[in-house]
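In each ligand, atom 1 is the first atom listed, and ligand 1 is the first ligand listed.
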Amino acid sequence: MKLGCCYYPEHWPEEMWAEDARRMAEMGLSLVRIGEFAWSRIEQEPGRFDWDWLDRAVEVLANAGLKIIMGTPTATPPKWLVDQMPDMVAIDEQGCPRGFGSRRHYCFSHEGYRAEAARITNAMAERYGKHPAIAMWQTDNEFGCHDTVLSFSKSAAARFRKWLAARYGDVSALNTAWGNVFWSMEYRDFDEIDPPNLTVTEANPAHWLDYRRFASDEVASFNAAQVAILREHSPDRDITHNFMGFFTEFDHYDVGRDLDVATWDSYPLGFLEQFWFSTQEKAEYLRQGHPDIAAFHHDLYRGCSNGRWGVMEQQPGPVNWARFNPAPLPGMVALWTLEAMAHGAEFVSYFRWRQAPFAQEQMHAGLLRPDSIDASGADDARTAADAIERLGSQETAGAPVALVFSYEAAWVCGIQPQGQSFRYLELIYEWYSAARRLGLDIDIVSPDADLGGYAMVLVPTLPITPAGFVAKLKALDCPVLIGPRSGSKTKSFCIPDGLAPGELRKLIDLTVTRVESLRDGINEKAGSGAIERWREDIASILIPEIEADDGSGVVFKSENIRYLAAWPDRELLKGLLERMAKDGRVEMSPLPKGLRLRRTVSHVFVFNYSQAPIDISSFCGSKELVLGSINLPPAGVAAWRR
Ligand code: GAL
């Protein structure tokens with residue numbers, strides 16, 4: 001695994017570049033990402049390119065032995081371009097333009113901007129495509145960051161209508177599919193259909209779902225256009241895009257199909273603060289991040305581009321964008337880096353080299369302070385570089401557990417939560433966490449993935465069952481757990497004939513006759529734990545495997561297939577996964593709080609996310625540690641040969 005950093009030569013006087021490059025190499029870094037926000041310096045006036053400075057920056061970095069990841073600068077179109085085409089900006093749900101003055105001020109559907117993005121990509125690809133120091137391209141930067149997938153512009157409306165016409169052929173087919181007879185919402189022509197915003201009350205969920213599918217396709221085709229240009233002018237270079245954390249606004253599998261390497265931007269402390277974690281967890285993991293945040297995304301993005309993935313931006317210290325921005329524990333940045341290695345990353349690149357003293361991110365740490373002195377992240381980068389050298393190359397081990405993750409499922413749950421705490425990402429994350437706490441290695445996979453070869457398959461929820469999915473599950477003989485709301489919608493967001501779980505009834509004979517959602521704090525004991533948030537009434541000839549205290553069935557089992565008719569708490573989920581692991585003869589290593597484990601082909605790695613040392617002797621036995629110590633300190637990493 002290689003290390004790298006994100007560098008902005010345009011932010012620093014040219015005299016600093018060579019020394020920066022030398023220090024990067026000295027720190028153990030061999031990759032440097034540049035260029036992704038530099039449009040206003042590359043093309044200061046329309047059509048007048050200034051490559052000289054970037055040519056020199058590329059040479060200086062290359063001369064220090066660094067390989068370059070070059071970003072296309074389309075996340076930051078310059079002011080002159082926005083002035084030329086003021087309607088290229090996205091329009092928010094309230095109908096307001098999202099104007100110039102920060103970044104991502106463009107609408108994916110604007111044909112003029114698509115042409116401009118292709119033009120600048122082409123110019124960069126022609127200039128640097130065959131340069132020996134260019135190892136990889138990054139398209140744009142974080143598609144969707146700052147809520148920018150959905151736009152409600154005229155351009156988006158026009159392309160949405162075309163997208164609908166291609167999908168349905170005939171507007172009456174759309175009316176039927178969506179159920180537009182309800183509230184007299186019928187259309188006479190595709191041209192009458194607007195985006196689903198600015199309605200008096202909620203728009204038809206089917207309308208929203210198609211708008212989300214459309215918007216996701218817009219991101220994928222915007223990316224694909226750049227990929228095609230880069231492939232033409234820059235053969236044999238890898239192409240990536242840097243995805244975000246806990247982000248489901250477009251289908252990453254679709255974008256990933258066009259890439260060689262999926263990368264993501266890892267900010268564990270920022271994510272802990274910004275997402276649903278309890279106040280207690282936020283305090284407990286303040287300087288470490290919740291122990292499954294990074295791993296969850298590693299395992300997710302490994303499944304997005306044929307197994308090739310990396311971390312494009314690794315938090316090196318406090319960030320600037322969360323509600324509170326604590327500093328990582330000493331050693332934590334090294335732990336995050338090595339954990340990525342254990343999960344199979346090809347590289348980890350720190351964001352950013354030096355903290356900028358100006359503009360929006362002046363409070364965001366870098367590996368260096370603004371005065372160029374090493375910040376604490378630099379020590380961690382060195383520690384990680386040493387450990388990587390000591391451990392040698394690692395290949396992540398095949399996982400026994402597959403967890404099915406679907407972007408469409410996230411959209412369905414978001415459009416119609418039915419209970420405000422039914423959060424798709426949280427559900428998936430809880431299932432993932434529960435398996436990790438049992439010491440199991442996990443692959444997060446698309447519903448289209450091949451599931452053969454796994455010893456356990458988890459489907460936390462899949463409201464719309466994709467074609468072929470049921471047959472695929474039927475062919476498995478390993479334990480399978482299907483969660484609530486699965487099979488509860490048709491592809492046009494209606495209740496299926498014969499009710500939920502629709503087609504899944506071919507796997508397990510039951511019918512969901514009623515659902516209810518429950519406010520926080522309400523629960524009912526069931527099995528080893530309790531159910532909360534969501535429960536389903538089930539009609540079935542099957543005797544429940546687990547009942548709630550009130551006698552209702554919670555888990556039903558038919559051969560290797562289980563259906564869970566509720567949102568489980570952690571204890572219930574743990575008990576269920578233990579049963580499955582026993583059925584599937586999967587070896588578990590239940591872990592103490594805060595300890596996590598991941599196997600590579602050659603080694604076992606453990607990571608201490610807690611605030612106190614943990615004795616790991618029961619895990620490594622008499623094996624000699626090649627990294628770390630038996631009494632593993634907070635932020636410690638230990639490894640031994642398998
Ligand atoms: C990412 C982004 C970077 C930088 C970073 C700060 O979302 O890609 O450009 O803004 O966050 O944490």
Exercise for the section: Over 60° means perpendicular and under 30° means parallel, so classify the ring planes of H241 and F143, tilted if in between. Expected result: parallel
Problem - Ion pair E111/R159, N-O distance below 4.0 Å - result: yes
Practice task
Please determine if R308 and D238 form a salt bridge, counting it only when a charged side-chain N lies under 4.0 Å from a carboxylate O.
Solution key: yes
Practice task
Only pairs at least two apart or in different chains count here, so list each side-chain hydrogen bond (donor to acceptor under 3.5 Å, both in side chains) that has a residue in residues 330-339.
Solution key: T337-Y350, E339-R436, E339-Y609
Ligand 1 N/O to protein N/O, distances under 3.5 Å:
from, atom 1, to, atom 2, distance (Å)
ligand 1, 7 (O), E142, OE1, 2.4
ligand 1, 7 (O), E142, OE2, 2.9
ligand 1, 8 (O), N141, ND2, 2.9
ligand 1, 8 (O), E142, OE1, 3.3
ligand 1, 8 (O), E142, OE2, 3.3
ligand 1, 8 (O), E313, OE1, 3.2
ligand 1, 8 (O), E313, OE2, 2.8
ligand 1, 9 (O), R103, NH1, 2.8
ligand 1, 10 (O), R103, NH1, 3.3
ligand 1, 10 (O), R103, NH2, 2.8
ligand 1, 10 (O), E361, OE1, 3.4
ligand 1, 10 (O), E361, OE2, 2.3
ligand 1, 12 (O), Y267, OH, 3.4
ligand 1, 12 (O), W321, NE1, 2.8
ligand 1, 12 (O), H364, NE2, 2.7

Fill in the blank from the handout: Taken in chain and number order and not counting sequence neighbours, the residues that satisfy side chain to side chain contact (heavy atoms under 4.5 Å, CB included) with T383 are A334
Pair up each side-chain donor or acceptor in residues 44-54 with any protein partner under 3.5 Å, not counting sequence neighbours, and list the distances.
from, atom 1, to, atom 2, distance (Å)
D50, OD1, D52, N, 3.3
W53, NE1, R41, O, 3.2
W53, NE1, D50, O, 3.2

